[in-house]
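Have a look at the structure below, then the notes.
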Amino acid sequence: MYSTVAQLARVNPFSAPHFQLGQENVTLRKNGTCQVQPVRRLAAAAAPEEDYSCAYGSARFFVLCGFGGIISCGTTHTAVVPLDLVKCRIQVDPQKYKSIFKGFSITLKEDGVRGLGKGWAPTFIGYSMQGLCKFGFYEVFKIFYANLIGEENAYMWRTSLYLAASASAEFFADIALAPMEAAKVRIQTQPGYANTLRQAAPKMYAEEGIWAFYKGVAPLWMRQIPYTMMKFACFERTVEALYKYVVPKPRSECSKGEQLIVTFVAGYIAGVFCAIVSHPADSVVSVLNKEKGSTALEVLKRLGPKGVWKGLTARIIMIGTLTALQWFIYDSVKVYFRLPRPPPPEMPESLKKKLGLTQ
């Protein structure tokens with residue numbers, strides 16, 4: 001009896017933190033004792049290929065990454081609709097909505113608690129579609145560009161690689177987002193225009209045709225492409241720096257929970273920079289979608305250097321939290337579906353030899 005317990009203790013998964021037990025092969029010896037032979041698998045941080053649900057860069061991988069983008073972007077943007085509503089109103093009517101707290105106070109007084117949820121439907125639909133394209137196509141373009149320039153160049157120019165892949169992905173993501181973003185801004189910033197997407201969409205089409213839904217796509221590119229480039233490049237490099245300088249042990253020795261904490265912190269840092277970079281264009285989009293017949297250049301001139309920064313505090317709070325949660329949810333989806341999650345890039349051996357860094 002004692003020998004059986006000792007044998008089971010030796011294969012306890014908690015005594016080897018980098019491994020987890022799979023199915024055990026149990027055989028009965030002639031002397032009556034059990035022999036337990038565990039089938040060990042590496043944890044996700046350093047898992048062998050057979051432990052993943054699919055291969056890195058496969059069609060299933062891209063589809064599930066897109067699904068992760070839908071969940072991460074759709075849910076988070078919908079959750080912060082009240083803050084987004086106040087932010088938009090500060091941008092289009094700064095005389096009335098002079099601050100975040102004033103904006104919430106006036107909205108509650110005029111529209112009640114339900115008024116804070118205006119625009120939730122186009123927000124959920126639009127940003128779900130954007131998330132699908134943003135995260136799904138980012139993975140596609142990152143692998144495509146890396147293969148195009150080769151392993152060594154992909155490492156040396158990895159920041160440029162992240163910027164190019166994210167910009168390419170966001171180009172398509174904004175085309176998917178534009179119609180719902182236009183409807184959302186109309187609902188949130190024009191009192192009495194419409195209260196729901198079902199009311200706003202037909203009315204917009206009747207007034208300006210299909211152009212009503214896509215006239216804001218160019219300003220969206222101005223806002224979202226720099227935002228997404230910062231979001232992905234800053235996140236990737238921040239994760240790399242955190243594991244190198246802050247986290248006291250290698251990523252391969254971190255649990256999934258610890259890795260997700262690093263993801264959240266890196267996401268928040270990236271989100272603050274995202275908000276600052278993209279805010280002027282965000283102000284133009286908000287005003288442009290409210291007004292008929294205006295162009296982005298006209299709105300930009302009218303707002304001026306100070307006007308384009310109205311509502312920045314609200315946007316930093318919103319985007320910082322939003323970006324952190326999006327990366328956390330997206331990475332959690334990858335963990336749940338057992339998708340490959342490559343560690344921060346390391347210098348290829350061939351490049352080390354060229355630079356004389358190997359002995």
Side-chain angles (χ1 to χ4, degrees), residues 44-45 56 61-80 83-84 123-124 127-143 158-159 161-163 165-170 173-174 177 223-247 251 254-278 315-345:
Y56 182 66
F61 174 78
F62 293 135
V63 168
L64 290 176
C65 284
F67 178 68
I70 290 174
I71 295 175
S72 67
C73 291
T75 55
T76 52
H77 276 278
T78 305
V80 295
L83 186 59
D84 183 47
T123 297
F124 179 74
Y127 282 95
S128 292
M129 293 302 97
Q130 189 211 36
L132 168 68
C133 299
K134 185 197 297 276
F135 283 94
F137 285 158
Y138 174 71
E139 300 288 357
V140 171
F141 283 115
K142 187 168 72 168
I143 292 174
R158 58 192 181 281
T159 302
L161 174 66
Y162 304 145
L163 291 170
S166 56
S168 302
E170 189 60 36
D174 289 341
L177 169 64
R223 180 188 82 182
Q224 290 296 132
I225 290 179
Y227 163 86
T228 302
M229 291 170 73
M230 183 64 73
K231 175 179 182 174
F232 283 87
C234 185
F235 172 80
E236 297 270 19
R237 294 310 298 257
T238 303
V239 166
E240 190 176 330
L242 288 174
Y243 280 115
K244 188 174 182 179
Y245 300 110
V246 180
V247 180
R251 181 180 184 271
C254 295
S255 67
K256 291 176 183 177
E258 290 168 337
Q259 291 176 19
L260 290 173
I261 290 171
V262 172
T263 295
F264 183 86
V265 172
Y268 209 103
I269 293 170
V272 172
F273 288 101
C274 288
I276 296 169
V277 165
S278 62
R315 185 166 166 79
I316 285 177
I317 297 169
M318 184 182 81
I319 296 299
T321 306
L322 207 66
T323 306
L325 288 173
Q326 283 176 1
W327 278 114
F328 183 83
I329 293 169
Y330 179 66
D331 216 21
S332 298
V333 170
K334 281 188 168 183
V335 169
Y336 178 81
F337 286 109
R338 295 185 297 110
L339 299 182
R341 297 162 59 238

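Note that these values count all heavy atoms, side chains included, but never hydrogens, waters or copies made by symmetry.
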Is the closest side-chain heavy-atom distance between [X] and [Y] below 4.5 Å?
X    : Y    : value
H77  : D84  : no
I276 : I316 : yes
V262 : C254 : no
T321 : V80  : no
F328 : S72  : no
F273 : F235 : no
L325 : F264 : yes
M129 : L177 : no

**OP:** Could you check S278 against R315 for side chain to side chain contact (heavy atoms under 4.5 Å, CB included), going step by step and ending with a plain yes or no?
**Re:** CA-CA 10 Å; S278 62; R315 185 166 166 79; 2.6 Å; yes
Which distance, rounded to the nearest 0.5 Å, do you find between the [atom1] of [X] and the [atom2] of [Y]?
X    : Y    : atom1 : atom2 : value
I329 : T263 : CD1   : OG1   : 12.0 Å
Q326 : T75  : CD    : OG1   : 8.0 Å
K142 : R158 : NZ    : CZ    : 12.0 Å
I70  : F124 : CD1   : CZ    : 8.5 Å
T76  : L322 : OG1   : CG    : 4.0 Å
E236 : Y162 : CD    : OH    : 4.5 Å

Heavy-atom pair with the smallest gap, counting every atom of [X] and [Y]:
X    : Y    : result
G131 : C73  : CA-SG, 3.5 Å
C234 : A270 : SG-CA, 3.7 Å
F135 : G69  : CD1-CA, 3.6 Å
K134 : Y227 : NZ-CE2, 3.9 Å
E139 : C65  : CG-SG, 3.8 Å
I319 : C274 : CG2-CB, 4.0 Å

Original post:
Between S166 (side chain) and L163 (backbone), is there a donor-acceptor pair under 3.5 Å?
Top reply: yes
Subject >> Check: E170 side chain, M229 main-chain N or O, donor-acceptor pair, under 3.5 Å >> reply: no
**OP:** List for me each residue that meets side chain to side chain donor-acceptor pair (under 3.5 Å) alongside S168, sequence neighbours excluded, and say none if there are none.
**Re:** Y145
Original post:
Taking only residues two or more places apart in sequence, or in another chain, which ones meet Y268 in a ring pair (Phe, Tyr, Trp, His ring centres under 6.0 Å)?
Top reply: none
Original post:
Which is it for F62 and I143 under the side chain to side chain contact (heavy atoms under 4.5 Å, CB included) test, yes or no, and what are the steps along the way?
Top reply: CA-CA 11 Å; F62 293 135; I143 292 174; 3.8 Å; yes
Original post:
Around atom CZ of F67, are there more than 12 heavy atoms of other residues, nucleotides or ligands at under 6.0 Å?
Top reply: no
